[in-house]
Engineer: 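Here it is, the structure, as structure tokens.
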Amino acid sequence: MACTAGLPSITATRIEPPPEWALLQRQLFSLLETAGDMATEGYARSDGRVYHFFDVDDAYESRSMRAMLYALGGDERFLHIAKREWDAITWLYSEERKLTDDEPLHPMYMPQLRNEYWNLSVPFNADWFHMGEGNQMLYDFGVADPTNPSNRERARKFAAMYIGEDPDAPNFDTEHGIFRSPLHGGAGPLTSVRQHQGILHRDGKVSDYVHLVRHWLDRGSMGDFGHRNVIQDNPSAGPLTPHFLYPTIAALDSRWYEDDEQREKVIDLFDKMALQGDEPAGMVSCALVTNAYLYTGDEKYRKWVLDYVGGWIERIRANDGVIPDNVGPTGKVGEHRDGQWWGGLHGWSSSESAADRLFLGLIVGAQCAHLLSGDDSYLEVLRSQIVALLDRGKVEDGNLVVPKSHGPEGWYGYDEFTVRGGPAHLVNLWHESMNQSDYELITRVRDGGGTDWNALPAIGDRGGARTEFARFQYYDGKNPNWPAQCLRADYQQVADHIEGMLRDDRSVEQIIEDNFWPPNPVIIKGLVQTSMGCPGQLYNGGILRATVRYYDADATRPGLPPDVAALVDQLEADRCGIQLVNTSHSQSRSLIVQAGAFGEHAFTEIGYDRTQYSNDDPNPNMRMRSEKTKTSSKLPVDGKHFTVSLPPLTSVRLDCGLKRFANDPSYAFPWHGDKVPVE
């Protein structure tokens, strides 16, 4: 096989019954393909347009994980389904789309993309939390199909919008090294709510920019405004504490909008204090720019990511170890708040558990800068904030709690130290560094009580952070049944989706009229966690951080070959353990193992056992009577790839020496060389 020529090679020789996790993993692949087909056939048109109409990030999100399923080893049709649906959703929501008179519009339909990326028609969705959700589908194309020219060009186009290269989307201020607004996209930054043209709601009514500011200053007063439901009018009974306007306004009448003069003053202040400048969530953009680097290897993308994350690290150091949540138009912290470091739109005072959202940018920024540099110092953007909150923690009812918010009265919102319901911040930091001090940060939180770290919920990828407790326990030697437990939980969740879809006897017309969120049964976090030895991708815009990944050498495609199961059973700073099992009774399989999601690591040598028989007689009866002996072997690799041949029924356990961050990362497949070829 040309794709494996010259690569170090191992042949498995052990024959024994496959472990439970291996059978579950292969069953889960099959179940996911059945579920994915049902979701495609039942809830989308043949051209890929989904039946429901809502917000574009939700449309992308509802069809996500198909390309990653293919990249893991699922059928190739899921790559084509993913591409068809991404193209269809992008065309459907594009403001450049030409509508015809005979084309009926859904009452909830709003064009939400400009130049194939978010416009500002639904401003609160033009932020990194929502765009990160939608971008998952985009990033998976690089992992699955990096030579596709349209994927590559979109990666460059979208990065240009965020590094100051697109004059039609001037989101980034290259002089000051900041984003011009927390809300942005293909239409550029939103620096004044008066730019807003109105939001269409479920009852057909259109809200204006005053409603928008009311939504931010008095959450819940207009009902479920953020999901474009029917607008209600229930302002808070007492005065508001408008953190976004503090300290200029410390208290605000809840009906501020009824007085013309006060309304204009408040809106002017909101523009100035909440919309004009940068915030830590901007670091989620690093994944979008890293995506372009992984396609192209262009040094300008690496430099931008390192400079941008480095700027936030400098601000942390200048602010006594706490990341400020607002930077004004000229790059000064608290520029429109008399130097006050908190109060930003998605910052420390934005909710009772503000850290849940704020940490998303820290995780993505740390991941991307570390991937592109191999320099642990960039992890300080995340590590420093973990330490800052732990140092401000306390014990309540026997459990460690930390403050998750900061306002006029100081730190508040004490709760267990989770992000999105799990330890995503902790496990992603340790996964990047693999050093003892970061491991001890995790155990400090775990030993603080509260959550049962061995419990594992059956939950979709959106709630995947909650499954990271049990995954960490496995690698810490405290949850030996986790691989089967993990795969069983995902199997249950997918099976429940299938049962629900089988019972859904609605017509297409009724599905469209109901306009409910469609099922997305393609749940891949368990496959990623077990086979690749890493946390699941951060749901709001994280990149894949696999310790290893696989390619089918026979089919020359990404993913595990048919019948093959993989488990990373050990993670250390300089090595990892991998179990490979061929569950086929009759077919040999061959695969390529890669160090790192993007070839960023290198294998040093591979230790493995070989089973030898005392009798090579061709008579099966004589063979079975042979004495079996195991001998330990080592294979020098000193590179990022090696191959494994798996005859029928065989398995092998590999002890892989690892040199981490030894290579430039790239979406390139093993047969491409070090860079993705341009078609």
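Values below: every heavy atom of this structure, side chains too, minus hydrogens, waters and symmetry copies.
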Engineer: Report the distance from atom SG of Cys534 to atom CG of Leu571, rounding to the nearest 0.5 Å.
Structural biologist: 9.0 Å

Engineer: Of Phe603, Tyr608, Tyr551, Tyr550, which is the lone residue that meets ring-ring contact (aromatic ring centres under 6.0 Å, His included) with Phe642?
Structural biologist: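 Only one of Phe603, Tyr608, Tyr551, Tyr550 forms a ring-ring contact (aromatic ring centres under 6.0 Å, His included) with Phe642, namely Phe603.
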
Engineer: For a 4.5 angstrom cut-off between non-hydrogen side-chain atoms, does Ser64 reach Val522?
Structural biologist: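 In short, these two side chains do not touch, never coming nearer than 4.5 Å.
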
Engineer: Would you tell me whether His370 and Asp375 have side-chain atoms, one donor and one acceptor, within less than 3.5 Å of each other?
Structural biologist: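 No.
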
Engineer: Under 3.5 Å, is there a donor-acceptor pair between the Gln493 and Arg488 side chains?
Structural biologist: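 Arg488 and Gln493 do not have a side-chain donor-acceptor pair below 3.5 Å.
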
Engineer: Scan side-chain atoms only and decide if Arg610 and Thr631 contain a donor-acceptor pair under the 3.5 Å cut-off.
Structural biologist: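 No - no donor-acceptor pair under 3.5 Å links their side chains.
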
Engineer: Do Cys486 and Leu456 touch side chain to side chain, with heavy atoms closer than 4.5 Å?
Structural biologist: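 In contact.
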
Engineer: Establish, from distance only, whether the side-chain atoms of Ser433 and Asp438 form a donor-acceptor pair under 3.5 Å.
Structural biologist: yes

Engineer: Can Tyr439 and Asp476 be counted as having a side-chain donor-acceptor contact under 3.5 angstrom?
Structural biologist: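 Yes.
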
Engineer: What is the distance from atom CD of Glu61 to atom CG of Asn540, rounded to the nearest 0.5 Å?
Structural biologist: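 Answer rounded to 0.5 Å: 8.0 Å.
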
Engineer: Determine whether more than 12 heavy atoms belonging to other residues, nucleotides or ligands lie under 6.0 Å from atom CD of Glu627.
Structural biologist: no

Engineer: Verify whether one side chain among Gln587 and Asp563 offers a donor that lies under 3.5 Å from an acceptor in the other.
Structural biologist: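 Checked: Gln587/Asp563 side chains show no N/O donor-acceptor pair below 3.5 Å.
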
Engineer: May I ask you to check whether Ser651 and Gln579 show a side-chain donor-acceptor distance below 3.5 Å?
Structural biologist: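 Judged by distance alone, the side chains do not pair up.
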
Engineer: If you count the non-hydrogen atoms of other residues, nucleotides and ligands that lie under 6.0 Å from CZ in Arg26, is the total more than 12?
Structural biologist: yes

Engineer: Are any of the side-chain heavy atoms of Val50 and Pro518 separated by less than 4.5 Å?
Structural biologist: no

Engineer: Measure the spacing between CD of Gln612 and OG1 of Thr13 and express it to the nearest 0.5 Å.
Structural biologist: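 It comes to 8.0 Å.
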
Engineer: Establish, yes or no, whether a centroid distance under 6.0 Å links the rings of Phe472 and Trp430.
Structural biologist: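 Under 6.0 Å, so yes.
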
Engineer: Any luck finding a side-chain donor-acceptor pair between Arg545 and Gln537 under 3.5 Å?
Structural biologist: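 No.
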
Engineer: Do the side-chain N and O atoms of Thr643 and Thr4 include a donor-acceptor pair separated by under 3.5 angstrom?
Structural biologist: no

Engineer: Side chains of Ser150 and Lys83: is there a donor and an acceptor less than 3.5 Å apart?
Structural biologist: yes

Engineer: Decide if atom NZ of Lys300 counts as having more than 12 heavy atoms of other residues, nucleotides or ligands within a radius under 6.0 Å.
Structural biologist: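 Atom NZ in Lys300 is packed in, count exceeds 12.
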
Engineer: I would like to know whether Phe669 and Thr147 meet side-chain contact (heavy atoms from CB on, under 4.5 Å); could you show each step before the answer?
Structural biologist: CA-CA 9 Å; Phe669 292 168; Thr147 61; over 6 Å; no

Engineer: If I take atom CH2 from residue Trp86 and atom CZ from residue Arg66, how far apart are they, to the nearest 0.5 angstrom?
Structural biologist: 16.0 Å

Engineer: Just by distance, with hydrogens left out, do Thr530 and Gln25 show a side-chain donor and acceptor under 3.5 Å apart?
Structural biologist: yes

Engineer: Please determine whether the number of non-hydrogen atoms from other residues, nucleotides or ligands lying under 6.0 Å from atom CG of Asp298 exceeds 12.
Structural biologist: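 Yes.
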
Engineer: Are a donor atom and an acceptor atom from the side chains of Asn291 and Tyr301 found within less than 3.5 Å of each other?
Structural biologist: no

Engineer: Testing the 3.5 Å rule here: is there a donor-acceptor pair between the side chains of Ser632 and Asp609?
Structural biologist: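 Per modelled atom types, Ser632 and Asp609 side chains form a pair under 3.5 Å.
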
Engineer: Would you say Tyr293 and Arg302 are linked by a side-chain donor-acceptor pair, where the criterion is simply a distance under 3.5 Å?
Structural biologist: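 Per modelled atom types, Arg302 and Tyr293 side chains form a pair under 3.5 Å.
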
Engineer: Have Asn663 and Glu600 got a donor and an acceptor in their side chains that come within less than 3.5 Å?
Structural biologist: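 Their side chains do not contain a donor-acceptor pair, so the 3.5 Å distance test is not met.
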
Engineer: With a sphere of 6.0 Å drawn around NZ of Lys157, does it hold more than 12 non-hydrogen atoms of other residues, nucleotides or ligands?
Structural biologist: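 It does: Lys157 NZ has more than 12 such atoms within range.
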
Engineer: Report the residue from Arg152, Arg154, Glu153 that forms a side chain to side chain contact (heavy atoms under 4.5 Å, CB included) with Tyr295.
Structural biologist: Arg152

